[in-house]
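A, B, ... follow the sequence lines: proteins, then strands. Residue 1 opens every chain. Worth saying up front: this structure is predicted, and the values here are computed from it rather than measured.
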Amino acid sequence: MHTIYARINNVSALLSTCLMCLLGAIALTTYILTPHPTGKLDVASIQVFPGNAARYSRKQQEFAFLHFNISADLTPLFHWNTKQLFLYVSAEYTNQKGIHNDVVIWDRIVRRKEDANLTVAGRNKYVFREISSSFKGAEPAHYTLKYNVMPWVGPLTYGEAARTKTPVPFPESQELS
Amino acid sequence: MAIDLQKLTEGRIDFEGQKKVERISRSTLVTATVLSFLIGFILQSLRVTFAIFGISAIALLIVVVPPWPAYNRHPIQWLTPKVKEV
């Protein structure tokens, strides 16, 4: 502490240690504040059409088109350490071959608490296709609204906000007339 | 001229001043950390936390780094040199 250089050195070392402790404490508060918001998710309509796969134009592929309604209040998730929310609607089903599938068909990033009151009448944002080319014989699917809280400091936390009460079956694939 | 420049950039303070500076910096930083965390947590605002912490850090640097005269109030008493018999 005898020269200016020594004082700056000592103070900056202690400052960075204190800053790291502060950030660690902030990260730990993520585990203390754990709200569980709920909402509703309904499927308005679902249709399945055949088409050609994007890369291999000779390959037949079935595409599902989904319209859904969401209403959820996710404002409890916005605490001091929340930077943004990542919401996604995913379809969970078992296909004819017995393999469990989890397909994300819609997502949204919510950056402010004011935008966290959700009332959405949406359709699938991303192509909903079955990897084994056909939805035939697939079990009825459950559609869920899940969220991922992205903090400023600390670990990511996940949760499920809404789920369809009864599973929704896939209709027969129909040609566009 | 060169010695004046060296004295300016060194900014020496005496031992009592160094003890004071050590005490001030340690207590200020620990208090600032605890206070900024608690107030920010109560107000649920990360901005408040880092505002308090940042302002405390800058204020600490202003108080502690320059060689203020208050840190030079106890200069070292050197012994008078003994004249050596050749």
Side-chain angles (χ1 to χ4, degrees), chain A residues 1-37 73-86 109-117 148-157, chain B residues 5-68 70-72 74-76:
Chain A
M1 294 290 199
H2 52 94
T3 54
I4 288 179
Y5 174 76
R7 287 196 288 282
I8 293 178
N9 193 3
N10 281 17
V11 170
S12 64
L14 196 54
L15 185 76
S16 50
T17 309
C18 284
L19 188 64
M20 286 295 126
C21 290
L22 182 65
L23 293 176
I26 295 173
L28 284 177
T29 59
T30 321
Y31 291 112
I32 300 174
L33 310 157
T34 43
H36 293 288
D73 179 17
L74 298 167
T75 47
L77 291 172
F78 271 91
H79 50 79
W80 75 330
N81 198 16
T82 306
K83 180 178 173 193
Q84 62 193 24
L85 282 186
F86 182 72
I109 294 177
V110 176
R111 289 190 180 91
R112 301 183 310 163
K113 194 170 181 164
E114 297 84 38
D115 299 334
N117 262 316
N148 176 8
V149 179
M150 297 171 159
W152 288 105
V153 193
L156 298 171
T157 44
Chain B
L5 188 65
Q6 187 187 14
K7 280 215 180 104
L8 198 72
T9 48
E10 269 186 351
R12 283 173 187 261
I13 56 179
D14 59 45
F15 293 119
E16 290 300 317
Q18 289 174 34
K19 273 190 227 170
K20 201 187 280 189
V21 158
E22 176 91 31
R23 192 173 38 85
I24 290 175
S25 52
R26 226 183 282 171
S27 54
T28 309
L29 280 174
V30 171
T31 319
T33 310
V34 171
L35 215 67
S36 61
F37 177 74
L38 287 176
I39 294 182
F41 188 70
I42 289 170
L43 294 175
Q44 281 290 303
S45 166
L46 217 57
R47 196 175 282 187
V48 166
T49 296
F50 284 107
I52 296 177
F53 193 74
I55 292 175
S56 312
I58 292 175
L60 179 69
L61 287 175
I62 292 174
V63 166
V64 154
V65 168
W68 300 110
Y71 300 135
N72 267 319
H74 304 270
I76 304 167

Under 4.5 Å from a heavy atom of chain A, the part of [X] involved:
| X | value |
| --- | --- |
| B/Arg26 | both |
| B/Ile24 | neither |
| B/Leu61 | side chain |
| B/Ser25 | both |

Looking at every heavy atom in both B/Pro75 and B/Asn72, which two are closest together, and how far apart are they?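 The answer is CD-O, 3.9 Å.
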
Work out which heavy atom in B/Leu46 is nearest to a heavy atom in A/Asn81; give both atom names and the distance.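 Heavy atoms only, the tightest pair is CD2-OD1, 4.4 Å.
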
Max heavy-atom pair count under 4.5 Å with chain A, selected residue of B/Val34, B/Thr49, B/Asp14, B/Val48: B/Thr49

Please report the interatomic distance CD(A/Glu114) to CZ(A/Phe78), rounded to the nearest 0.5 Å.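 A/Glu114 CD to A/Phe78 CZ: 8.5 Å, rounded to 0.5 Å.
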
Distance from B/Leu35 atom CG to B/Thr28 atom OG1, nearest 0.5 Å?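 Taking CG in B/Leu35 and OG1 in B/Thr28, the distance rounds to 11.5 Å.
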
Please determine if B/Glu16 and B/Lys20 form a salt bridge, counting it only when a charged side-chain N lies under 4.0 Å from a carboxylate O. no

Residues 15-24 of chain A, side-chain donor-acceptor partners within the protein, below 3.5 Å, at least two apart:
from    : atom 1 : to      : atom 2 : distance (Å)
A/Ser16 : OG     : A/Ser12 : O      : 3.0
A/Ser16 : OG     : A/Ala13 : O      : 3.0
A/Thr17 : OG1    : A/Ala13 : O      : 3.0

Whether the side chain of B/Arg12 engages the backbone of A/Thr3 through a donor-acceptor N/O pair (distance < 3.5 Å, no angle test) should be reported.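 No, B/Arg12 side chain to A/Thr3 backbone: no donor-acceptor pair under 3.5 Å.
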
Polar side-chain atom of B/Gln18 near backbone of B/Ile13 as donor-acceptor pair, under 3.5 Å: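 Yes.
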
Those residues of residues 50-57 of chain B, ordered by number, that approach chain A below 4.5 Å (heavy atom to heavy atom): B/Phe50, B/Phe53, B/Ala57

